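Just the heavy atoms: all of them, side chains too, but no hydrogens, waters or symmetry mates, feed the values below. Keep in mind that this is a model prediction, so the values were computed, not measured.
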Amino acid sequence: MSDSPQISVVMPVYNGEKYLAEALQSILAQTFRDFECIAVDDGSTDRSLQILQQFAAQEPRIKIVSRPNTGIVGALNDGLAVAQGEFVARMDADDIATANRFERQVAELQKAPDCVALGSAVLFIDPEGRPLKVYSPHPTHAAIEEELARGNGGALIHPTILFRRKALVQCGGYRIQYNYIEDLDLYVRLLEIGRLANLPDVLLHYRQHSLSVNHVKGSRSVQAAEIIAPLRRAKGLPVLSAEALGKGAPKLAGPGDCRRKWALDAAEGGNFDCAMANALLAVRHQPLNRTNWSNLRYIFDMRRLAKKSAPAI
């Protein structure tokens, strides 16, 4: 009988002290208990390593790999190199896993041996942990493949995924030349090995903050075009240029832009208190921006209407 855990959690950590403890606590609170958590400290200059050491001193399932900074691809591959589990769970140091995440995903993969990567829906949260809105990626392999062929790496949310470790090894892990677009590159290569899927359940609270906003632009759009070109050719589709991939990219210039977007996201999700908080912060960051004031008024009115229509208790 093997002593290896069924799941190896791989969590890259770089200057993550602000949210790291909450992320680790959410892993330790899992209802599925047969796991190891491999935290790769990527040369942090804050208290991240000390926080990891404090947790590891109390919990033997937490294992620390600490070395100089290499970037996320190096950190992920170093974590995979020591992983022992049948499955590999991705996790980021600023997110929160729901308590049933591993239990739900393992049960699904055990029923579907052809599935090599299983993601889920997420609840976007703001930097303070307030709810923005739920995002549910397409559940089926065919729909995911179609989105990947468009260059949409968000067809699966990376820190929600439970992978089969053998599939990750078979496809060669993460490739350093695609640092910061490593997820799209990995998914496209996994298409050749097995089925990809998403559960409709919200299994992760996915934190948004100014350092986490990803934009497919510049060199990233060039890399995305390169990654998806073979897939598009195989499907008989015209190859997309980097310019075509970068056209719809959001351009968030700073904290004011981020707060404005999060305010609208929260309003879309019906979370009007969070929407108001972010709309006010957008105004504080950019008091001369008329759009911020218009959004604030719009969200104030929406919140008032929601409160009026709420059933009396």
Side-chain angles (χ1 to χ4, degrees), residues 1-14 16-17 19-44 47-68 70-110 113 115-120 156-174 182-183 186 190 199 203-206:
M1 187 172 178
S2 173
D3 292 330
S4 299
Q6 197 159 8
I7 294 176
S8 294
V9 183
V10 175
M11 176 191 290
V13 181
Y14 178 69
E17 66 177 0
Y19 305 115
L20 178 56
E22 193 173 11
L24 288 168
Q25 286 163 356
S26 77
I27 295 301
L28 296 178
Q30 291 295 303
T31 56
F32 185 93
R33 309 297 294 168
D34 187 16
F35 65 83
E36 63 178 354
C37 180
I38 301 165
V40 184
D41 177 54
D42 193 25
S44 296
R47 292 187 60 255
S48 293
L49 181 56
Q50 293 95 309
I51 293 169
L52 290 172
Q53 290 168 338
Q54 289 168 5
F55 272 84
Q58 301 295 322
E59 174 52 72
R61 289 177 297 177
I62 295 178
K63 301 174 182 179
I64 303 170
V65 177
S66 182
R67 74 288 186 282
T70 63
I72 191 169
V73 167
L76 289 170
N77 282 333
D78 285 352
L80 287 177
V82 297
Q84 298 295 312
E86 176 185 359
F87 304 113
V88 172
R90 269 287 285 112
M91 181 69 185
D92 283 337
D94 52 2
D95 296 330
I96 304 167
T98 63
N100 66 330
R101 175 188 166 184
F102 295 167
E103 182 177 7
R104 183 75 178 88
Q105 289 181 304
V106 168
E108 191 68 24
L109 285 181
Q110 286 176 336
C115 185
V116 296
L118 180 64
S120 77
L156 297 107
I157 304 299
H158 203 184
T160 70
I161 300 177
L162 189 67
F163 298 97
R164 294 189 187 276
R165 184 163 64 91
K166 285 184 178 179
L168 290 176
V169 172
Q170 184 179 342
C171 75
Y174 296 90
E182 77 288 342
D183 49 359
L186 178 67
L190 283 173
L199 292 171
L203 299 180
L204 188 82
H205 294 184
Y206 193 26

Within the distance-only criterion (no hydrogens, no angle test), does the side chain of R164 pair as donor or acceptor with the backbone N or O of C115 below 3.5 angstrom? yes

Not counting sequence neighbours, list each pair that qualifies as a side chain to side chain donor-acceptor pair (under 3.5 Å) and has a residue in residues 54-64. E36-K63, E59-R61

Is it true that a side-chain atom of Q105 and a backbone atom of L118 form a donor plus acceptor pair closer than 3.5 Å? yes

Which heavy atom of A117 sits nearest to which heavy atom of L156, and what is that distance? O-CD2, 4.4 Å

Mind checking the CZ-CG spacing from F32 to L162? Nearest 0.5 Å is all I need. 9.0 Å

Point-to-point distance, once rounded to the nearest 0.5 Å, from OH of Y206 to CG of D94: 8.0 Å

Rounded at 0.5 Å granularity, tell me how far CD1 in I62 sits from CG in L24. 5.0 Å

L20 versus F55: any side-chain heavy-atom pair under 4.5 Å? no

Verify whether the ring centers belonging to H205 and Y19 lie closer than 6.0 Å. no

Of all heavy-atom pairs linking E182 and V73, the shortest is CB-CG2, 3.6 Å

CG-CG distance between D95 and L203, expressed to the nearest 0.5 angstrom: 12.5 Å

When every non-hydrogen atom of G85 is compared with those of R165, the smallest separation belongs to O-NE, 2.5 Å

Going from CG on L190 to CG on L168, what distance comes out if it is rounded to the nearest 0.5 angstrom? 6.0 Å

Are R101 and S120 side-chain neighbours, meaning at least one heavy-atom pair lies under 4.5 Å? no

What is the minimum heavy-atom distance between P159 and L204, and which atoms define it? CG-CD2, 3.9 Å

Shortest non-hydrogen pair, L186 vs C171, comes out as CD1-SG, 3.6 Å

With side chain to side chain contact (heavy atoms under 4.5 Å, CB included) as the criterion, how do D42 and V13 come out once you've worked through the C-alpha distance, each side chain's angles and the decisive distance to 0.1 Å? CA-CA 6 Å; D42 193 25; V13 181; over 6 Å; no

Would you please indicate yes or no on a ring centroid separation below 6.0 angstrom for F35 and F102? yes

May I ask you to decide if the ring planes of Y174 and H158 are parallel, tilted or perpendicular, using 30° and 60° as cut-offs? tilted

Step by step, would you call D183 with I161 a side chain to side chain contact (heavy atoms under 4.5 Å, CB included)? CA-CA 11 Å; D183 49 359; I161 300 177; over 6 Å; no

Could you tell me whether a side-chain N or O of E17 sits under 3.5 Å from a main-chain N or O of R47, the two making a donor and an acceptor? yes

Criterion side chain to side chain contact (heavy atoms under 4.5 Å, CB included) on I38 and V65, from CA distance to verdict: CA-CA 7 Å; I38 301 165; V65 177; 4.1 Å; yes

V40 vs M11, side chain to side chain contact (heavy atoms under 4.5 Å, CB included): CA-CA, chis, key distance, verdict: CA-CA 6 Å; V40 184; M11 176 191 290; over 6 Å; no

How long is the gap from SG on C37 to CG on L28, to the nearest 0.5 Å? 7.0 Å

How about T31 and E103: does a side-chain donor come under 3.5 Å of a side-chain acceptor? yes

Taking all non-hydrogen atoms of both residues, which atom of G119 and which atom of T160 are closest, and how far apart? CA-OG1, 3.4 Å

Got a salt bridge between R67 and D78, using NZ or NE/NH1/NH2 to carboxylate O under 4.0 Å? yes

Do the side chains of T70 and N77 get nearer than 4.5 Å, heavy atoms only? no

Is there side-chain contact between M91 and V10, with heavy atoms separated by less than 4.5 Å? no

Would the distance check show the side chain of E86 and the main-chain N or O of S8 forming a donor-acceptor pair, the cut-off being under 3.5 Å? no

Donor-acceptor under 3.5 Å (S26 side chain, A97 main chain): yes

Measuring only between side-chain heavy atoms, which start at C-beta, is F87 closer than 4.5 Å to L109? yes

Are I51 and L49 close enough that some pair of their side-chain heavy atoms sits under 4.5 Å apart? no

Q110 vs Q6 side-chain heavy atoms within contact, under 4.5 Å: yes

Does some side-chain heavy atom of R90 sit less than 4.5 Å from a side-chain heavy atom of P12? yes

